[in-house]
Amino acid sequence: MRGIGTKRSTGRARHGALVGVGLAALLLAGCGGGDTSSLSASTSQSCMLCHNGSQQDDYSGPGIENPHPFGAASNLQCTTCHGGNPNGTGKDDSHVPPPPGIGVRAEWNGNRQKYFNRLTLTGIDKMPDYTVAGQTYTAADYLQFINPGDLRVVTQGRSCGTCHSNHADVVNQSMLATSAGIFSGAAYSIGADSRVPESATDYVSTAADMGFRDVIDSTFNAVTAAFGDVPRLVEYPVYSVRNDGSPMAIHNNPIYDEAQLLDDQNADGSVITGSPLANLIHEQVAFTCGDCHLGSAGANNRSGDYRSSGCTACHMPYSLGGRSGSSDPNINKLEPVDPDDIDPPELAHVRTHRIASVAKTLPGGQTVQGIDDYACAGCHQGSNRTVMQYWGIRLDQNEDVRRNRQYPANPASYQRTTNDPRLFDPVVGNHEFNGRDHNQYLLYEDYDNDSRDDTPPD
């Protein structure tokens, strides 16, 4: 499985104005549950009528922008990506309704679990089928509707996977998606046994064994496999689910009391596989390091962390403050109110409803924005601070330089990021970036007093 790597790998897998009154009047019949009879001459899908105002599926109206205005698929229908009912007479029968485990927005203020599920997208694929108004839906139907680029959708041949099936499979097997380096590497470091017997002894017993979800490489050949390739990964178990009935579940379970953990190590100091201590370490890794794989949207709750999941995590970047810049008149342009701390029932939004790849100029002269640094920074703020290194900014998590306790010595001079708009944009109004303020980032450090930055941009 190309890119899954060995256990020792540590690859880590992160405003716009409202449209005018003219469009609002045009869309009044089609949105909010009304009928579309006044637009009966239209040949467009109900999605296009409501979100773009066009009576053809051509994005010619003043509303939502064309997400894919290039290549052979330059005029995709909305339902090709999002699913839903193209012949609906209003919002309720056009949209895919949410599973009960997520519910509607009105429920999120009083139900943090449902809000968490919607915000992070972490366990949506585990939710059972459900029936609304006589029609049965799967969790994948809803996940496709809210994020067509999620890997749990595209690997089923839906949305992006319709045209990019090979790419979808390759990405799904990559370190970015599986987080095998984090999950399997942590298990190796405490001496836990591999969960995949057939590859347990490969690469001097360092073969990766766990990922965000089960992944199988159907083309794996042990004879021709590249170094680090493995035939499959098993899904990273979860022990912190409440009331799941498992004897190893952590919540209110006395086997996890401190006194019960003392005999959970072998004589050589390694942790006994499957013991309560091993499970606690396992869960800590998931909570601390598990946000940045492509299988979910991560915490998705503060400036510098807003992002999507799967293909769209990179190819449809979010803004620094999580606010929508789309011309869709139905999207709230004012949430989250506080970019540093999203609160229920707020949602973060993509910067624009347009696929980003390599920046380019189209034959007609139109400029297409590419993937930028912010699309990377949402994930690469942990063990691998790639964007910070390019910018020449160093993390000083505990403010050691400002407090004059840098080891072994403080720099002769330094500069914090107080006025750096890359991190703290006055237009966005954020005071934190990835949960840290300007005292925790250093823009300039001169240790040998030669007037040169000793941690310069890469």
Side-chain angles (χ1 to χ4, degrees), residues 1-13 122-123 173-217 220 222 225-242 244-293 295-296 379 382-385 397-398 407:
M1 186 169 292
R2 184 71 60 191
I4 280 185
T6 68
K7 280 190 171 181
R8 295 188 188 276
S9 301
T10 56
R12 182 165 175 157
T122 299
Q173 295 176 4
S174 72
M175 297 276 283
L176 283 172
T178 64
S179 267
I182 295 292
F183 294 150
S184 300
Y188 176 88
S189 71
I190 63 172
D193 297 331
S194 173
R195 294 176 183 266
V196 181
E198 64 268 33
S199 58
T201 60
D202 291 349
Y203 316 118
V204 198
S205 300
T206 66
D209 60 339
M210 288 184 287
F212 171 67
R213 291 289 185 265
D214 288 336
V215 184
I216 298 175
D217 185 353
F220 181 82
F227 186 83
D229 287 0
V230 294
R232 67 184 178 103
L233 297 174
V234 297
E235 182 176 319
Y236 199 74
V238 177
Y239 301 106
S240 56
V241 178
R242 295 190 179 193
D244 73 345
S246 167
M248 300 306 291
I250 292 175
H251 183 62
N252 285 339
N253 191 337
I255 68 172
Y256 292 97
D257 291 348
E258 181 181 5
Q260 302 300 316
L261 304 177
L262 299 178
D263 59 352
D264 287 353
Q265 287 181 272
N266 296 305
D268 62 0
S270 62
V271 176
I272 297 174
T273 301
S275 67
L277 179 59
N279 293 349
L280 287 175
I281 297 172
H282 175 100
E283 286 293 311
Q284 180 60 40
V285 171
F287 285 127
T288 306
C289 311
D291 270 352
C292 288
H293 49 68
S296 76
C379 284
S383 60
N384 185 354
R385 300 179 181 91
Q397 178 75 41
N398 297 316
Y407 179 84

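Quick caveat, the model's predicted, so the values are computed rather than measured.
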Visitor: Measure the OG1-CG distance between Thr206 and Asp202 for me, rounded to the nearest 0.5 Å.
Guide: 8.5 Å

Visitor: Could you check whether any side-chain N or O of Asp217 sits under 3.5 Å from a backbone N or O of Val230, counting only pairs where one atom can act as donor and the other as acceptor?
Guide: no

Visitor: Give the minimum heavy-atom separation between Pro247 and Asn253, together with the two atoms involved.
Guide: O-ND2, 2.9 Å

Visitor: Among residues at least two apart in sequence or on other chains, which ones pass ring pair (Phe, Tyr, Trp, His ring centres under 6.0 Å) with Phe183?
Guide: Tyr236

Visitor: Would the distance check show the side chain of Ser184 and the main-chain N or O of Ala180 forming a donor-acceptor pair, the cut-off being under 3.5 Å?
Guide: yes

Visitor: Which value, rounded to the nearest 0.5 Å, describes the distance between Asp209 atom CG and Tyr188 atom OH?
Guide: 12.0 Å

Visitor: Using only atom types and a distance under 3.5 Å, with no angle test, would you say the side chain of Thr273 pairs donor to acceptor with the backbone of Asp193?
Guide: yes

Visitor: Quick one: closest heavy-atom pair of Met210 and Ala187, and the distance?
Guide: CE-CB, 3.7 Å

Visitor: Go through the steps to decide whether Met248 and Ile255 satisfy the test side chain to side chain contact (heavy atoms under 4.5 Å, CB included), and finish with yes or no.
Guide: CA-CA 8 Å; Met248 300 306 291; Ile255 68 172; 3.9 Å; yes

Visitor: Write down the atom of Gly191, the atom of Ser270, and the distance for their closest heavy-atom approach.
Guide: CA-CB, 4.1 Å

Visitor: Looking only at non-hydrogen atoms, find the nearest pair between His282 and Pro237 and report the distance.
Guide: NE2-O, 2.7 Å

Visitor: First locate atom CG of Leu262, then atom CG of Asp257, and finally report the distance between them rounded to the nearest 0.5 Å.
Guide: 11.0 Å

Visitor: Kindly write out the residues that satisfy salt bridge (charged side-chain N to carboxylate O under 4.0 Å, His left out) with Glu235, not counting sequence neighbours, or none if the list is empty.
Guide: Lys126, Arg213

Visitor: What is the distance from atom CZ of Phe212 to atom OG1 of Thr122, rounded to the nearest 0.5 Å?
Guide: 6.0 Å

Visitor: Just verifying a value: how many Å separate Ile272 CD1 and Leu277 CG, rounded to the nearest 0.5 Å?
Guide: 9.0 Å

Visitor: Can you tell if the side chain of Leu233 reaches within under 4.5 Å of the side chain of Val196, non-hydrogen atoms only?
Guide: no

Visitor: Identify the two heavy atoms, one from His293 and one from Ser179, that lie closest to each other, and give their separation to 0.1 Å.
Guide: CB-OG, 3.3 Å

Visitor: With a 4.5 Å cut-off on side-chain heavy atoms, are Pro276 and Gln260 touching?
Guide: no

Visitor: Show the nearest heavy-atom pair for residues Cys289 and Ile182, with the distance to one decimal.
Guide: CB-CG2, 3.4 Å

Visitor: What is the distance from atom OG of Ser275 to atom CD1 of Ile281, rounded to the nearest 0.5 Å?
Guide: 7.5 Å

Visitor: Any donor-acceptor pair under 3.5 Å linking the side chain of Glu283 with the backbone of Tyr239?
Guide: yes

